[in-house]
There are 2 protein chains.
Amino acid sequence: MQEPNLTPVSYIVLGMIAWAGKATPYDLKQMVAASVGNLWSVQHAQLYTEPARLAGAGLLTEKREEGGRRRKTYSVTARGRRALERWLASPTAEDYELRDPGLLKVFFGAEPASVAADQLEVHEQKLAQYEETYSSIASDESLRGPALTLEAGIRHEREWIRFWRELV
Amino acid sequence: MQEPNLTPVSYIVLGMIAWAGKATPYDLKQMVAASVGNLWSVQHAQLYTEPARLAGAGLLTEKREEGGRRRKTYSVTARGRRALERWLASPTAEDYELRDPGLLKVFFGAEPASVAADQLEVHEQKLAQYEETYSSIASDESLRGPALTLEAGIRHEREWIRFWRELV
DNA sequence: ACCGTCATGTAATCGGTTACATGATTCT
DNA sequence: AGAATCATGTAACCGATTACATGACGGT
């Protein structure tokens, strides 16, 4: 029942389960892949270990089904919900980094035009995907957060496309 | 002398030492902090362990000074240089993620206006810093890579500022 | 001389990734 | 019935972060 270090991944798990009410690791995998996954990817194995960790810390409850697959289903406890709220309300200190492998290569002298060609394709595809998702959730008031996030994603994808296009 | 997995951090170390000719971990710390550090931060301890790893793999040579601080100085071997070139020329598959903690909070329902206020400040400061650095290196032909990287950084900072400003 | 900061490094821990493994379904 | 894919989970390893520790140097 220690208070462990809560990482972004912890909050992704916590936030997802809070939103859904309850979830198995596999549910998490699906939900994450379809949403935050683009913004912040999470390995599937972590969707097994992290909930276990959070359950150990009393932020989630774990219920294991008896028959069949003996799946574990998690829900958020009161403490968990409080931890999540606290995080949501806390100021964001850590600052963000671009961490783009392609850009890193350019930094170290890779031929800009050839990196750009690859990157353009990737970003154009991402953009199309985001725009499609966006149009399907934009009107849903309850998905304001995800919609805003997507909007940020779309804008940055457009910026990347402009940037790389100048270099090809 | 195994070929270990080379991570982005490996290439940062390799690239920096290649550029400088030779460097101690502390030199690396300085150089990284002043340049790629903004794009891709590296813990100082890694600037000790990673060169050691790379030396073990034959990509760097390690020379330890005898007197005084017994500092270790690293240089890139022929194999190291080849590994770097290969990386620079290889297509970039892995795709990039935004990974912005502030945006993550918005995704999970944090009050956009309050996150935005914090973020605006951070990004405005970053932008100013980047622009200053940019103007000091833009004309240097030998720093084309870093200059392009900075340009990308500047554009994205501007996009962030526009984005968060609409939300405050 | 002393104190604070810069410089330099190692050890321990832990989160994250990779690899492995197997039980259910679905489709042909 | 068999193959392929989906679902579910554990174990081992390794890179990355945190914490600890000490030596040198510049200023007062």
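The basis for the numbers below is simple: all heavy atoms, side chains too, and nothing from hydrogens, waters or symmetry mates. Below, chain A is the first sequence line, B the second, and so on; all start at residue 1.
With sequence neighbours excluded, no residue satisfies side chain to side chain donor-acceptor pair (under 3.5 Å) with B:E121. Scored by the side chain to side chain donor-acceptor pair (under 3.5 Å) test, A:S139 finds no partners at all (sequence neighbours excluded). Every residue meeting the side chain to side chain donor-acceptor pair (under 3.5 Å) condition with A:S10, not counting sequence neighbours, appears here in chain and number order: A:T7, A:E50.
Taking atom CG of residue B:N5 and atom P of nucleotide C:dT18, one finds them 8 Å apart after rounding to whole Å. In this structure, NZ of B:K29 is placed 11 Å from C1' of C:dT5, rounded to the nearest angstrom. Distance A:R99 CZ to C:dG16 C1': 13 Å, rounded to the nearest Å. The separation between A:L28 atom CG and C:dG16 atom C1' is 16 Å, rounded to whole Å. Taking atom CD of residue B:Q30 and atom C1' of nucleotide C:dT5, one finds them 13 Å apart after rounding to whole Å. Rounded to a whole Å, the CD1 atom of B:I12 is 13 Å from the C1' atom of D:dA16.
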Side-chain polar contacts of residues 161-168 of chain B - donor-acceptor pairs under 3.5 angstrom, sequence neighbours left out - could you list them?
from: B:R162; atom 1: NH1; to: B:E159; atom 2: OE1; distance (Å): 2.6
from: B:R162; atom 1: NH1; to: B:E159; atom 2: OE2; distance (Å): 3.4
from: B:R165; atom 1: NH2; to: B:E124; atom 2: OE2; distance (Å): 2.6
from: B:E166; atom 1: OE1; to: A:R155; atom 2: NH2; distance (Å): 3.0
from: B:E166; atom 1: OE2; to: A:R155; atom 2: NH2; distance (Å): 2.8

Identify all side-chain donor-acceptor contacts of residues 28-41 of chain B below 3.5 Å with residues at least two apart in sequence or on another chain.
from: B:S35; atom 1: OG; to: B:M31; atom 2: O; distance (Å): 2.7
from: B:S41; atom 1: OG; to: A:E97; atom 2: OE2; distance (Å): 2.7

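Of the residues in residues 39-51 of chain A, those with a non-hydrogen atom less than 4.0 angstrom from any atom of DNA chain C are A:Q43, A:A45, A:Q46.
Considering CG of A:N5 and CZ of A:R53, their distance stands at 7.5 Å, rounded to 0.5 Å.
Comparing C:dG15, D:dG15, D:dT8 against the side chain of A:R71 picks out D:dT8 as the nearest. Comparing C:dT8, C:dG15, D:dA16 against the side chain of B:V9 picks out D:dA16 as the nearest.
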